[in-house]
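This report concerns only the one structure given below.
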Amino acid sequence: MALTARGHAHLMTLPPLRRALVLALWSFLALLLLLTLYMLLLIPLTPSIHDLRQARTAAPSSMVSTDGTELVRFDQGLQERVTLKQISPNVVNALIATEDHRFYQHHGVDFKRTAGAIVHTASGNAQGGSTITQQLARNMFPEEIGRSRNLNRKLKELITALKIEATYSKTEILEAYLNTVPFLYNTFGIEMAARTYFDKPASRLDILESATLVGMLKGTNYYNPVSNPERSLQRRNVVLGQMRKHDLIDEARYKQLLKRPLRLHFERQSERAQTDSHFTAYVRKWLINWADENDYNLERDGLVVHTTLDSDLQQAAERAVERQANALQAIADVEWSRAGLPSSTSTGMYASMQAGSAPFDYFWKSHPELNDAFVRESNDYRKLVADGKTPDEALAQLKGDRRFMSALHKAKTRLQAGFVAMDPATGALRAWVGSRDFAREQFDHVAQAARQPGSTFKPIVYGAALEKGITPDHLYRDAVTDIKAADGTIWRPTDMSGTTGREMSMRDGLVYSKNTITAQVMQDVGLPPIIKLARALGIRDSKLAAVPSLALGTSPVTLLEMVNAYASIADQGQARLPFVVTHITDRDGKVIARFGDDRPKRAMPEESANTLLDMMRGVIDRGTGTAIRNRFGIRSDVAGKSGTTQNNADGWFILMHPELVGGAWVGFNDARVTMRSNYWGQGGHNAVLVVGDFFKTALDTGKLTRDAIFPGGKPPAPLRRVEPVEEVEEEAGDLQQEGTPEAPLAMPVEEAGGQESNGRAVPQEPAAQPQPQQPPAPQSPDGGAP
């Protein structure tokens, strides 16, 4: 206090002018001290030297299959990095002359230029004072430095620029800058800019082209030579003026160049081929969340995400879906093209008839009310009504629009399919095909679409019976039984093939997919144990209605859940969560995260699981799955089950091999469109084609072991001519039951929720489906109730 008093007394003795100067100097020094202290505090908040080195070598992360094949990359737009030697000197000269002519003299910050910018800005003529290094700092670390025009951002930018200059040479700084600067049209860096605006590499840019691109840096949109050619030309000439000012071109050359027009060879670069599939799209969604939670940047950190996908098996799955879905589309097109129904078990016959048929012509003629319903449910119809048309006027207008009706009919009658394969010993997903064509149909029929599983749900009922102590040889009478539901309604499940009145073992009830037998087994077991076992095996998210018809698969589930459940049976009752990523490595190959090593949980006793698996062998050998042996000649130790829903709306088939479990669903997105004939409408005749095709390829190529056997199984019989076995038809009966869930329309939805955790694929919660104006026919599996 005494010192302050003495200073104040001394200050007051000074003349007024001198006193003011001293006060101004002290204030300036105090402000400078505060600014220095603030900058010291900001240093830890700006990118570190390690961050700088990583950013300079930034590389997009990639997703690879088990054999290292790249599936997708996380690129930031269109970018191709080049060295400074691969960039025309004209670009470098134009850049330095215009943006930072003292680039080689300063150490990241041009204090003289900064001071000048402050003076000009204060006088109302805003100017930028950033050096190339400061601009690079913004390009490299936009989030860390910020985008707002304020002192805090400028100080962070200044500190980062000093760090960059201390870390890299001037050549490296120029190279990094020219490779990261954006140039519109989703292009980054001078190489892609040269190709986009002048259709040539950066190494061949002449002085006018270089000046045009450098001129854009002041404002890419404002000086865009495509949309604003006059502004671009003026800005190009400003750049030429700067080059003249700093003696990079002489006066004569400068005047000559000013007269040249703006010549572009604009060609927007095609986006890189979209290699996403339903599998990679699923992994990408999970991975983005993981990266955010763990502070990684997928576009810059060069991570390698090692997935569970097997490239060979994935190709086999894609080919199987393509071949067999095309064959089934031909069948549906021909069957619905005329009043008379063709009859053949050969897909080739329908393929030969397809060209001469009018696909689904008879379907639309025989379903006029459904045709109207589809029109009323369209966005075009709703828009017309919203614009003032009456419902009848809107309907008539759209039905009279040939182009609209053709597109609507094609969309509604395009058959879809999904396939997924899982390693039962680990839970790793090896193949995943969500639709016939990802580019055309992003809706995923593996993890998003919830459909009635039909008789593929029956093994869970029989598994619960085994757990209760009911043996496979336990006899039931093949007869229609009245079953009283909890709400008092009577349910009378039947088989369209009729009943014999004779006794049948529980084993044969599953082998021949008898609804009458399954219903009685459900009565003896009770619904709670069945639901409990379904949850334990892998149907964790879909809602399972506690109604008797659940036993016949009337509660919609996803294909992923069903294959997960069968994989648990195949692994002797041990359940695992399916997972899609094994591990993630950084750019140096160091493992930074591992997944899929959780212990399995016991879902059902080992003895019961092995007995159930043996019962399901019979499905393949003499039941509804004999096409696996007869049509595809597969002699390995396999087991499985088919599934069909009422009116042939859904076809399912799941096959278990000791090393892999694979399943397929076949149908139309709208469950009101179905296969016409009972033969081709069955899962044992449609979905089995996809599964059989896939497993035959996997076995023939050695991806699966032919002589692998399940516990308690027998070595495969020697290869020989396969004797035809009469195929058992799985027909829907009269199984309508009040209060059961209506079959969903597997329509694509904008947001299909679901849980994702630790690289695991968790089945999606079924999304609410739009209600049709005309109610669809009751949906029930193999005679199951809606």
Side-chain angles (χ1 to χ4, degrees), residues 82-107 109-121 123-136 170-171 173-175 177-178 181 183-184 189-191 193-266:
V82 290
T83 64
L84 201 61
K85 292 180 180 179
Q86 295 172 290
I87 300 172
S88 168
N90 293 315
V91 174
V92 177
N93 290 337
L95 176 67
I96 293 176
T98 307
E99 296 293 321
D100 189 2
H101 69 275
R102 277 188 289 272
F103 174 71
Y104 288 105
Q105 283 75 53
H106 65 66
H107 298 285
V109 181
D110 188 341
F111 290 103
K112 181 178 179 181
R113 186 179 179 192
T114 301
I118 293 173
V119 172
H120 283 289
T121 301
S123 64
N125 180 24
Q127 287 190 7
S130 295
T131 63
I132 289 174
T133 315
Q134 287 174 281
Q135 293 178 47
L136 174 61
K170 292 291 185 178
T171 298
I173 291 170
L174 281 175
E175 185 178 294
Y177 178 84
L178 288 169
V181 66
F183 280 100
L184 298 180
I190 193 67
E191 179 67 18
R195 295 184 191 179
T196 300
Y197 295 99
F198 298 105
D199 194 24
K200 60 172 62 173
S203 61
R204 291 173 47 206
L205 289 171
D206 63 28
I207 191 168
L208 288 174
E209 294 162 345
S210 300
T212 300
L213 294 179
V214 169
M216 289 181 67
L217 301 180
K218 186 175 176 65
T220 50
N221 275 303
Y222 192 80
Y223 296 110
N224 182 357
V226 177
S227 58
N228 298 304
E230 291 183 2
R231 290 180 194 161
S232 179
L233 180 63
Q234 292 172 2
R235 180 62 184 167
R236 183 205 70 179
N237 291 343
V238 169
V239 174
L240 292 174
Q242 289 298 107
M243 296 179 75
R244 172 68 191 99
K245 178 181 177 180
H246 298 290
D247 294 324
L248 293 170
I249 54 176
D250 58 32
E251 184 67 21
R253 178 72 168 150
Y254 168 63
K255 289 181 178 179
Q256 183 185 35
L257 292 173
L258 287 179
K259 299 175 184 178
R260 299 282 182 85
L262 189 68
R263 289 198 178 117
L264 295 179
H265 295 280
F266 179 74

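In this structure, CG on Asn237 lies 5.0 Å from CG on Leu258, to the nearest 0.5 angstrom. Note: Gln234 CD to Tyr223 OH = 8.0 Å, rounded to the nearest 0.5 Å. Distance check, rounded to the nearest 0.5 Å: CG of Leu136 to CG of Asp100 gives 11.5 Å.
With sequence neighbours left out, the side chain to side chain donor-acceptor pair (under 3.5 Å) criterion links Asn224 to Tyr185, Ser227. Contacts of Arg253 classified as side chain to side chain donor-acceptor pair (under 3.5 Å), with partners at least two apart in sequence or in another chain: Gln256. For Gln86, the side chain to side chain contact (heavy atoms under 4.5 Å, CB included) test picks out Val82, Thr83, with sequence neighbours left out. Under the side chain to side chain donor-acceptor pair (under 3.5 Å) criterion, Thr196 pairs with no residue, sequence neighbours left out. Every residue meeting the side chain to side chain donor-acceptor pair (under 3.5 Å) condition with Tyr177, not counting sequence neighbours, appears here in chain and number order: Gln135. In this structure, the side chain to side chain contact (heavy atoms under 4.5 Å, CB included) partners of Leu248, at least two apart in sequence or on a different chain, are Asn93, Ala97, Met243. Partners of Pro201 under the side chain to side chain contact (heavy atoms under 4.5 Å, CB included) rule, at least two apart in sequence or in another chain, are Glu191, Ser203, Arg204.
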Could you pull out all donor-acceptor pairs under 3.5 Å where a side-chain atom in residues 210-222 meets a protein atom, sequence neighbours excluded?
| from | atom 1 | to | atom 2 | distance (Å) |
| --- | --- | --- | --- | --- |
| Ser210 | OG | Val91 | N | 3.4 |
| Ser210 | OG | Asp206 | O | 2.8 |
| Thr212 | OG1 | Leu208 | O | 2.9 |

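Contacts classified as side-chain hydrogen bond (donor to acceptor under 3.5 Å, both in side chains) and involving residues 239-251 (residues at least two apart or in different chains) are given here: Arg244-Asp247, Arg244-Glu251.
Here the options are Thr131, Ile173, Asp110, the test is side chain to side chain contact (heavy atoms under 4.5 Å, CB included), and the partner is Phe103; only Ile173 passes.
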